[in-house]
Protein chains: 2
Amino acid sequence: MTGRPTITQLAAELGIAPSTVSRAFTRPNLLKPETVAMVQKAAEAAGYVPNHHARALSTGRAGAIGLIVPDIANPFFPPLVRAAQNYASDLGLSVFLADTDEDPTREDRLISRMAPQVEGLIVVSSRLASSRIRQIADSQRVAFINRDVPETYRILLDTAAAIRSGLTHLSGLGHRRIAYVGGPPQSWANKQRRSAVDNFSKAHALEVMHFSADPGTYDAAKALSDSVAASGVTAVIAFDDVIAHGLMGGFAAAGVDVPKDLSVIGCDDTLATETFPALSTIAVNVGAAARRAVAALSENPGSTSLTGARIIFEGTLVLRGTTGPVRPASNPLTLEPELDHPSTGSVQARRGSDS
Amino acid sequence: MTGRPTITQLAAELGIAPSTVSRAFTRPNLLKPETVAMVQKAAEAAGYVPNHHARALSTGRAGAIGLIVPDIANPFFPPLVRAAQNYASDLGLSVFLADTDEDPTREDRLISRMAPQVEGLIVVSSRLASSRIRQIADSQRVAFINRDVPETYRILLDTAAAIRSGLTHLSGLGHRRIAYVGGPPQSWANKQRRSAVDNFSKAHALEVMHFSADPGTYDAAKALSDSVAASGVTAVIAFDDVIAHGLMGGFAAAGVDVPKDLSVIGCDDTLATETFPALSTIAVNVGAAARRAVAALSENPGSTSLTGARIIFEGTLVLRGTTGPVRPASNPLTLEPELDHPSTGSVQARRGSDS
DNA sequence: GTGAAAGCGCTAACAT
DNA sequence: ATGTTAGCGCTTTCAC
């Protein structure tokens, strides 16, 4: 913050007006090309760097966006943060990152504190009450990811179709009793996944047992694994890959083999690109969601809030090594034909991310 | 950015001077308590939020720090980011996050762009040339993490002692031929780990084979696993947990059992709290490093650069499930006595993080 | 095509 | 204990 040259100093040095120097950076087309060149040369030489605060104060545009996540250490978020940051950078925007630690109060405070100093906010997996969210959306430019409150600008990573594909797959393998092991109860994604499992199961005569890992950590899931194994299910769909791994850790300790004894499908595809064993899961395009959010904030910069929108990106089932036929070579009942041809949610075998 | 009340408006409303309103927030002790209360009440009612840009411009203090990492999606960084962000938040600082994508050019540009608008920078695992780093350190307030350039302010996560403990452990289990599978070649941590392995091995008649996963991804490591297995080693130390997992993925595919056929030790303890199987690894206190860095930046805020310092946090060996005795019940040679009592780097069995 | 001057919202002397 | 004033570095009318 010391000794940095300012526009005024540059101007003095060159014997021209500050406004000319300013224009050389912001509206070069208004200036004689040679003037622009001269200014740029001098700026470079002097090591001039524009002061964002002054610019922001003068223009009212902050040149930054805020990104608020519940827990950056949860592997779901880093790729999202990365994509948002990269895209924002392309657009000349900086990003403020804040972590709410899953605490709604902290989240609310962070939103209020950040809002005035940024062009807009991206709030991921908000744990705030719907009423509060709507309120915030009214007065701030904010894009929500994975939180579905009507009349707000929201981007949803929809895994319902892919879950149906997963269930179809499991069903084709002979599984009839499956477990859904949920995560954070306040999470939109959790509710969505849970009801996708319920609805499909009801429609196709699958029996589903419900479990919930709260908090949604490896350890909580591991602690649950015995009850899951004892429940008589032959397959489990986990809220996310961390929970899937926790379950598998518990299964391994108990001598339950995956996928021979039990099939496991995770969700979010956060770990398979860095972790062994190769987990079957549902890949979700967090990168696209992040970019859409950044784009939304950078569009029509004047407005005081974003107009309501509901944008969906669908996930896809990725089959790797943790699903297999039900063990006691039981009755591979014929399924309704449509089950063999899922209409949505493509299936693929691969490793890698598409963000 | 619209219709937000300013200090001047508040002042007018209350019939007092703007400076009084300002002081109510920044130096309340200079004011009559009732005045402070009055201002606060009015501010609350009007929804007043201080404008950080104006404040920054006026005071020359940005109220923010910058955090630059090579790849936020690499699991080593999120806990560090989280700790930095939390601590900064406690200190009333916001944090700008940027990801260099492992690209030195991008890193250099990001540093230049960020520097003027923050109180200081934390640069983690810099890939820049030492000469450039020294240059930057001269003109910016910057704390480096895991990059050891003399005369800069740097914080190092030292794993050498813990690696010696790991090697001692392996050696005690009968292992004589071990592999070191390195990561990013420009990484300070990689060089440090590599030479720790080399030095210890030389001193204790262990044979070490070198491999390098470049890039340091799961897939690159997996591709390496066959050569590693074929090299005749009975244990491997991996640069990090991701590489360890990649190796294990390859081993599993090839029918090589861990730890029966091969012992594996990872590094950084980034995955074991969310991932199965339970990897033996070296835990590293990224939280402490991050907090130290933030603290360094927030101390003596006047200066234009940080005075040189070299701060070390030592890692600890964490034994979990991926190490065991060498398979063909071979000669458990007596070791030099000192090997049984490592002088540094404690050993513990546990799960969880200490950040 | 360029200069002069005002002002963004806030803080910090300097009064009083 | 509070008011007055100037100014942080930049952009932006408005002149020329």
Side-chain angles (χ1 to χ4, degrees), chain A residues 1-40 42-43 46-64 92 113 115-119 301-302, chain B residues 1-40 42-43 46-64 92 113 115-119 301-302:
Chain A
M1 247 47 207
T2 323
R4 265 177 215 300
T6 72
I7 252 184
T8 323
Q9 287 171 28
L10 267 192
E13 232 170 72
L14 294 170
I16 61 179
S19 48
T20 303
V21 178
S22 171
R23 282 189 272 253
F25 293 107
T26 49
R27 272 152 179 60
N29 46 316
L30 294 188
L31 257 43
K32 206 160 35 183
E34 53 198 76
T35 313
V36 175
M38 171 180 87
V39 172
Q40 277 177 344
Y48 169 76
V49 190
N51 181 322
H52 280 222
H53 298 296
R55 188 183 301 215
L57 184 56
S58 177
T59 60
R61 329 202 19 3
R113 273 184 24 183
Q117 43 184 335
V118 296
E119 312 256 319
Chain B
M1 250 45 208
T2 324
R4 264 178 216 300
T6 74
I7 253 185
T8 323
Q9 286 171 29
L10 268 192
E13 233 172 71
L14 295 169
I16 62 179
S19 50
T20 304
V21 179
S22 172
R23 283 189 272 252
F25 293 106
T26 51
R27 271 153 180 61
N29 45 318
L30 294 189
L31 258 41
K32 206 162 35 183
E34 52 198 75
T35 313
V36 175
M38 172 179 86
V39 171
Q40 278 177 343
Y48 168 78
V49 191
N51 180 323
H52 279 224
H53 298 296
R55 184 180 303 204
L57 185 57
S58 175
T59 58
R61 326 200 28 355
R113 274 182 27 182
Q117 43 186 332
V118 297
E119 312 256 318

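Below, chain A is the first sequence line, B the second, and so on; all start at residue 1. Predicted, not measured: the structure shown is a model, and the values here were computed from it.
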For the pair made of [atom1] in [X] and [atom2] in [N], what is the distance, rounded to whole Å?
| X | N | atom1 | atom2 | answer |
| --- | --- | --- | --- | --- |
| B:Asn51 | D:dC8 | CG | C1' | 13 Å |
| B:Phe25 | C:dT11 | CZ | P | 9 Å |
| A:His53 | C:dT11 | NE2 | C1' | 15 Å |
| A:Gln117 | C:dG9 | CD | C1' | 14 Å |
| B:Leu10 | C:dT11 | CG | C1' | 16 Å |
| B:Lys32 | D:dT2 | NZ | C1' | 9 Å |
| B:Ile7 | D:dT2 | CD1 | C1' | 14 Å |
| A:Arg4 | D:dC10 | CZ | C1' | 16 Å |

Measuring from atom [atom1] of [X] to atom [atom2] of [Y], what distance do you get when rounded to the nearest 0.5 angstrom?
| X | Y | atom1 | atom2 | result |
| --- | --- | --- | --- | --- |
| B:Thr35 | B:Ile16 | OG1 | CD1 | 7.0 Å |
| B:Asn51 | B:Ile7 | CG | CD1 | 9.5 Å |
| B:Arg55 | B:Thr26 | CZ | OG1 | 6.5 Å |
| A:Met38 | A:Lys32 | CE | NZ | 9.0 Å |

Kindly say whether, by distance alone, the side chain of [X] makes a donor-acceptor pair under 3.5 Å with the base of [N]?
| X | N | answer |
| --- | --- | --- |
| A:Arg27 | C:dG1 | no |
| A:Arg23 | C:dG3 | yes |
| B:Ser19 | D:dT4 | yes |

Checking C:dG9, C:dG3, C:dG1 against the side chain of B:Ser58 (C-beta onward), the nearest is C:dG9
What nucleic acid atoms does [X] come within less than 4.0 Å of, heavy atoms only: base, sugar-phosphate, or nothing?
| X | answer |
| --- | --- |
| B:Ser22 | base |
| B:Leu30 | base |
| A:Tyr48 | sugar-phosphate |

In the structure I gave you, are the side-chain heavy atoms of A:Pro28 and A:Arg23 within less than 4.5 Å of one another anywhere? no
Starting from the 5' end of DNA chain D, give me the residue, B:Leu57 or B:Asn29, whose nearest nucleotide shows up first. B:Asn29
Between B:Pro33 and A:Val21, just flag the one whose closest nucleotide in DNA chain D comes earlier from the 5' side. B:Pro33
Please state whether the phosphate of C:dT2, meaning OP1 or OP2, lies under 4.0 angstrom from any side-chain nitrogen or oxygen of A:Thr35. yes
